[in-house]
Every structure is written in structure tokens, then in C-alpha cells.
Amino acid sequence: MDDQTRMLTGLTGLGGLQPGDVGDPDSVRKQQSLGQPQQDIGDILQQIMAITDESLDEAQARKHALNCHRMKPALFSVLCEIKEKTVLSIRGVQEEDPPDPQIMRLDNMLLAEGVSGPEKGGGSAAAAAAAAAAGGSPTDSSIEHSDYRAKLAQIRQIYHSELEKYEQACSEFTNHVMNLLREQSRTRPISPKEIERMVAIIHRKFSSIQMQLKQSTCEAVMILRSRFLDARRKRRNFNKQATEVLNEYFYSHLSNPYPSEEAKEELAKKCGITVSQVSNWFGNKRIRYKKNIGKFQEEANLYAVKTAVDAANVSAQASQANSPATPNSGGYPAPCYTPDGRL
DNA sequence: TCAGATGATTTTGC
DNA sequence: GCAAAATCATCTGA
């Protein structure tokens, strides 16, 4: 059964009209003899066709009369059904979009940065971590920390205010369109489903605008992060005492310059830096020592002597004259050389 | 201003 | 996941 046939069958069911009867004067005449409902449908169609030939006032009056016609709901119902099964059904296939992965990524990032979602220590925690990693002084890091937090709060405020504006605009526009369609549904066949689809289309358009807002916000956060928190930018040399403590450990463990987790923690504590900074320092030191032993020999000797003196002092204090100076035994080259490589 | 030093990050291999 | 190696970005002293 095709759509046209269905429509006519629908009308038949409602008013007794048969397929092929519409537009056929003989059939109309025949239907007139069959009863009032058939005549109604013919009348409605005739009036619709004739409405364009009339003046505006006449057309308005006619439109009103048609709106009040008792057969109108049935006719609109059938026309809506036909629309559902043709144009709208094709659109419907395209509307089932999966969630956009880009939006999900942006949402996750904004959430992680503490821009979207409930206000939390996300950004400030990141700031604190970065400040700690940068190894800056407490005063410096706290200033940068509060500055970063203030800027992040500003971004958050702008983001939420813009988001609210978009949502309000979306809601207003949706209501407007829905009212318009409901109003129009009195004069042309518009089903509730069609209105729902239109609302979905509007929401999609607004969500694409929201995505742009989210993208811009993410960019702003990234710029802020790189400006305030990029550890490379905030690199500070360790203080002299910290470097000495690390060097002492390195040269006194030259055979195996790989401090355990406990040793790293202790060194970090002594130097006032983080464990990962200790790891970085040892990583850099190992590779740079290995690459250019000659350059580091003087330094190695210095620390070897220092270690020996310290050990001797400890021994003297403990009345033990002959304790070993360094525990070196292979692996990395021994430190006690002259700068030209001689023992 | 610039070269070298240095701390941090990224890439690579195990 | 850890370490080596390469690289980056900043600091520092001349």
C-alpha cells in the first residue's frame, strides 16, 4: 500500500472516501449521494484549492472556517503520517549521532583543570605540583600559585557566564520555535515528532557553538599553564648546599650511583627538593659524568678528598684510625685522578 | 650578549 | 616502569 493509497484509506476510514474518488467530479457526485462525510472531504479540498483566488479578508475568513471544520484533525493526522513516512524518516537516520569524541575530550580537560564541574582544587593542585616540581622558593611559588588561581578563576567565571548565556539563548530560541510550530500546526500539518526533531536540530546547532566556547577556554587554560606553570620556564638552579649533598652522594657511590628510593627520599629531604628532582639530578649527572669523565675528575677528586676527610674525622672521633674513604669498586671510573688523567 | 651549565622533559630501549 | 640518551629552555657568569 503506497502513501497516497494509505492517505485515502485513512480518509475512507474517517469519512468513507474511496481511493480514486478525490478530484473526480463524477466520483464526488456519486459520493454526495452516498452521504455527508464524503461530501465534507471534497468540500475541504475544493475550499483549499480555491483559497488562493480570494482576497486577503476572504482568505482569512475561509482559513478560520477551515480551522474549525470537524474533519480537519483527521485530515491533518493523515498528512502528518505521510510526512513522517517520507521526508522526516530520511532525516531521522542522520540524526542518531554518536557522542562527539572531541567534545568529550574538551569536557574531560575542562573538568580536570577545574574549569567546568564543581569548583575544586584541580587548578590549584596543579599549580602547587608544578611549583614544587620547579623547585622555586616557597614565596615565589605561593605568589605564582595565587596569581595562577586568580587567572584560572577568571577563565572559569567567563566560561560559566558564556555557557549560561548560550543555554538561555538556546532555551529561548527553542521555546520560540516550538511556539511558532505549534501555532503553524493549526494551518499546516506538523506532528509533535516533527517539533521534537526541530528542537533536536536547534540543540545540535547550539552544542556546536558550545564546543567553540570549550575550545577557546581550553586554549586559554593551556596558555595560562604554559605561562605560569611550565617547569622549564620556572627552572631554578638548586642551592649550593643541595648540589654539594647530591655530589657527595654521587661521588661516594660512584661505583653504583643509583640511590634507592629511601636514599632518594633522604636526599630530597636534605636538599629541600622533590624525589623526582633527585632522580632527574642523578640521571643528568650519570649521563654527563659518563660523557665527559675528564671534565668531572677535578670535582670527583674534590669530593673524594672531602669524603675521606669526613670519614677520617668520624674515625678519629670513634678512635678508629683506618676506615675506608670511599666504597668505590668498579662500574663508573674511580674519582681519584688528576685532571690530566693520572692517579 | 653569549657560551656553557643545569634542571626538566621527551624519546627510546629494555 | 626505569634508565640512558637526546633535547629543550632557562640560568649564570664573563
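Order of the sequence lines sets the chain letters (A, B, ...), proteins ahead of strands, with each chain counted from 1.
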Query raised in the report: Is a salt bridge present between A:Glu194 and A:Arg197, judged by a nitrogen-to-oxygen distance below 4.0 Å?
Result: no
Query - Rounded interatomic separation in angstrom, taking CZ from A:Phe250 and C1' from C:dA3 - result: 14 Å
Query raised in the report: Do the rings of A:Phe206 and A:Phe173 sit parallel, tilted or perpendicular, given the 30° and 60° boundaries?
Result: tilted
Query raised in the report: Parallel, tilted or perpendicular: which describes the rings of A:Tyr289 and A:Phe250, with under 30° parallel and over 60° perpendicular?
Result: perpendicular
Report task. Round to a whole Å and report the spacing from CG of A:Asn280 to C1' of C:dC2. Result -> 13 Å
Requested in this report: Nearest 0.5 Å please: distance from the NZ atom of A:Lys165 over to the CG atom of A:Leu213.
Outcome: 10.0 Å
Report task. Could you check how far CG of A:Asn284 sits from P of C:dA5, rounded to whole Å? Result -> 12 Å
**Report entry** Side-chain N or O of A:Gln277 closer than 4.0 Å to phosphate OP1/OP2 of B:dA8
**Finding:** yes
Query raised in the report: Among all residues two or more places apart in sequence or in another chain, which pass the side chain to side chain donor-acceptor pair (under 3.5 Å) test with A:Lys269?
Result: none
Report task. Before accepting this row, confirm whether a basic side-chain N of the pair A:Glu299/A:Lys285 lies closer than 4.0 Å to the acidic partner's carboxylate O. Result -> yes
Identify the pairs formed between an N or O of the protein and an N or O of nucleotides 2-6 of chain B at a distance under 3.5 Å, and give each distance.
unit_1, atom_1, unit_2, atom_2, d
B:dT6, O2, A:Arg235, NE, 3.3
B:dT6, O2, A:Arg235, NH1, 3.2
B:dT6, O2, A:Arg235, NH2, 3.1

Query raised in the report: To the nearest angstrom, how far is A:Phe282 atom CZ from B:dT9 atom P?
Result: 18 Å
Query raised in the report: Hey, does the side chain of A:Arg286 come within less than 4.0 Å of C:dA4's phosphate (OP1/OP2), counting only N and O?
Result: yes
